[in-house]
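Only one structure is covered here, and it is reproduced in the block below.
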There are 2 protein chains.
Amino acid sequence: MKKFEEKTIRTETIYDGKVVKLQVDDVTLPDGKTSKRELIKHAGAVGIIPITKDHKIVFVEQYRKPLEKSLVEIPAGKLEEGEDPLVTALRELEEETGYTASSPKFITSFYTSPGFADEIMYLYMAKDLEPIEHPAAGDDDEFIELIELTLDEAKQYVKDKKIHDAKTNYAILYLQTLERM
Amino acid sequence: MKKFEEKTIRTETIYDGKVVKLQVDDVTLPDGKTSKRELIKHAGAVGIIPITKDHKIVFVEQYRKPLEKSLVEIPAGKLEEGEDPLVTALRELEEETGYTASSPKFITSFYTSPGFADEIMYLYMAKDLEPIEHPAAGDDDEFIELIELTLDEAKQYVKDKKIHDAKTNYAILYLQTLERM
């Protein structure tokens, strides 16, 4: 048995959508008592830090309906079923920015909200971007504006909370620790 | 009008639980077309990086039902309604570790999954921890083990994916960039 394992007694699927699935599990706790767990199932996602040849970071600004405001973030997207995260990273880079890169570097991965969701995010960095003449189009319902910023400008966006999400905060801190971009 | 705003035509609450609320909105997109958005509403959360007087970081290991495994994380917890995040941070520190601190430092905040959830996480750091003789008990359904690690040991946990979530990854990277703990 795994440490502190919570055994599932009963699973109820409340909603099975395009982005999330919500299920509520009745579980047995390590002390034998029971409890309920609300669980969001998600396919996983990829984020990519794109860096141009003149050392600017390419961000995307888009409206985030859960927050009812737009955020400036690094390009990101959901994994298709069974897809290698690197393939997702290159697709999102092309669709959202019109750039490609020959060899994105894997940086890290993390669960975004392990208390209630199983979403995992794979983070990549791509240097020496090349523009694509006819990039693939993104989703019909995505409206995106590109913003290229120096690291110092990006840090100001963090201060102003225009950059304000886990993967992008992590990206900025990561870049700040590199000696040069 | 906000940039790229998506106007809500109709909101349907699918589930209103203890931790999450799921709603599905019909929206008008900037080009006039319509789409659906699946939105997780969450009260927000706090994470705290606790550092002992002998420069060890205090982590908690607990079973994360969404992942069906235990993770090692910094202490964290959900905001009560209208609560100052600093109060939440000190409560979770006491309940989960049995320590207190006089002046936790606010580090940053971030949305954990802005594509589908409105959860915001406030991150603090607390140095010079003091043990509490009779700490308040945590939630009935939380089973936690404490692990004190040096920064180097914590980095090994990251490599082994025993540390593998956004706030804790961020915490390790943040500590790594400080000259000394």
Side-chain angles (χ1 to χ4, degrees), chain A residues 2-6 14-15 17-20 22 24-25 27 29-31 33 35-42 45 61-67 69-71 73 76 78 108-119 121 140-141 143 145 158 164-170 173-174 176-177, chain B residues 2-6 14-15 17-20 22 24-25 27 29-31 33 35-42 45 61-67 69-71 73 76 78 108-119 121 140-141 143 145 158 164-170 173-174 176-177:
Chain A
K2 295 176 204 162
K3 198 189 265 184
F4 303 136
E5 186 169 354
E6 300 177 354
I14 306 287
Y15 183 82
K18 209 178 113 185
V19 179
V20 297
L22 169 63
V24 177
D25 284 10
V27 301
L29 300 170
D31 65 359
K33 291 181 185 164
S35 190
K36 273 189 191 298
R37 296 290 183 215
E38 301 163 10
L39 311 171
I40 302 295
K41 299 287 184 175
H42 186 282
E61 179 167 7
Q62 64 190 308
Y63 195 75
R64 289 306 204 174
K65 187 66 187 165
L67 317 175
K69 64 181 177 189
S70 12
L71 281 189
E73 302 165 52
K78 204 158 61 77
T108 191
S109 65
F110 40 71
Y111 294 107
T112 55
S113 292
F116 65 91
D118 71 346
E119 185 194 31
M121 158 98 33
D140 279 354
D141 60 356
F143 293 82
E145 195 170 273
V158 172
H164 202 199
D165 77 302
K167 64 181 176 303
T168 313
N169 266 272
Y170 190 96
L173 187 53
Y174 179 84
Q176 201 176 350
T177 65
Chain B
K2 295 176 204 162
K3 198 188 266 183
F4 302 138
E5 185 170 354
E6 300 176 354
I14 306 286
Y15 183 82
K18 210 178 112 187
V19 179
V20 297
L22 169 63
V24 177
D25 283 11
V27 301
L29 300 170
D31 65 359
K33 291 182 185 163
S35 189
K36 272 189 192 298
R37 297 290 183 215
E38 301 162 10
L39 312 170
I40 303 295
K41 299 287 183 174
H42 186 282
E61 179 166 7
Q62 65 190 308
Y63 195 76
R64 290 306 203 174
K65 187 66 186 166
L67 317 175
K69 64 181 177 189
S70 12
L71 281 189
E73 301 166 53
K78 203 159 62 78
T108 191
S109 65
F110 41 71
Y111 294 107
T112 55
S113 292
F116 66 91
D118 71 346
E119 184 193 31
M121 157 100 32
D140 279 354
D141 60 356
F143 294 82
E145 195 170 272
V158 172
H164 202 199
D165 77 302
K167 64 182 176 303
T168 313
N169 266 273
Y170 190 96
L173 187 53
Y174 179 85
Q176 200 176 351
T177 66

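Residue numbers start from 1 in every chain, and the chains themselves are labelled A, B, ... in the order their sequence lines are given, proteins ahead of strands.
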Non-hydrogen atoms of chain B under 4.5 Å away: do they reach the side chain of [X], the backbone, both or neither?
X: A/Asp25; answer: side chain
X: A/Thr108; answer: side chain
X: A/Ser70; answer: side chain
X: A/Leu22; answer: side chain

Pick one of side chain, backbone, both or neither for [X], based on which atoms fall under 4.5 Å of a heavy atom in chain A.
X: B/Leu71; result: side chain
X: B/Lys33; result: neither
X: B/Thr112; result: both
X: B/Ser109; result: both

Option that, when pairs with chain A are counted at under 4.5 Å, heavy atom only, ranks first among [options]:
options: B/Met121, B/Lys36, B/His42; value: B/His42
options: B/Lys69, B/Lys41, B/Glu145; value: B/Glu145
options: B/Leu29, B/Leu67, B/Leu39; value: B/Leu67

Notebook entry, point to check: Distance-only, no hydrogens or angles: does the A/Glu119 side chain make a donor-acceptor pair with backbone N or O of A/Ala45 under 3.5 Å?
Noted result: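 Not at all, since once roles are kept as given, no pair shorter than 3.5 Å links the two residues.
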Check: Looking at A/Glu73 and A/Lys167, does any basic side-chain N land under 4.0 Å from a carboxylate oxygen?
Finding: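 Yes, A/Glu73 and A/Lys167 are salt-bridged.
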Next item on the list: Look up atom CZ in B/Arg64 and atom CD in A/Glu6, then write down how far apart they are to the nearest 0.5 Å.
Entry: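 CD of A/Glu6 is found 9.5 Å from CZ of B/Arg64.
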Note to self: Let me confirm one number: the CD-CZ distance from B/Glu5 to A/Phe143, rounded to the nearest 0.5 Å.
What the structure shows: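 Here the interatomic distance stands at 13.5 Å.
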Checklist line | Set of salt bridge (charged side-chain N to carboxylate O under 4.0 Å, His left out) partners for B/Lys78, sequence neighbours left out | finding: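 So B/Lys78 forms no salt bridge (charged side-chain N to carboxylate O under 4.0 Å, His left out) with any residue.
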Margin query: Going by the rule salt bridge (charged side-chain N to carboxylate O under 4.0 Å, His left out), which residues pair with A/Glu61 if we only count those two or more places apart in sequence or in a different chain?
Written below: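 Partners of A/Glu61 under the salt bridge (charged side-chain N to carboxylate O under 4.0 Å, His left out) test: B/Lys3.
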Next item on the list: Could you check which of A/Val27, A/Thr168, A/Val20, A/Val158 has the highest count of heavy-atom pairs closer than 4.5 Å to chain B?
Entry: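 Ranked by contacts with chain B, first place is A/Val20.
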Next item on the list: Classify the ring geometry between A/Phe110 and A/Tyr170 as parallel (under 30°), tilted (30 to 60°) or perpendicular (over 60°).
Entry: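 Tilted.
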Checklist line | A/Asp31, CG atom: more than 12 neighbouring heavy atoms under 6.0 Å | finding: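 Atom CG in A/Asp31 is crowded, with more than 12 foreign heavy atoms closer than 6.0 Å.
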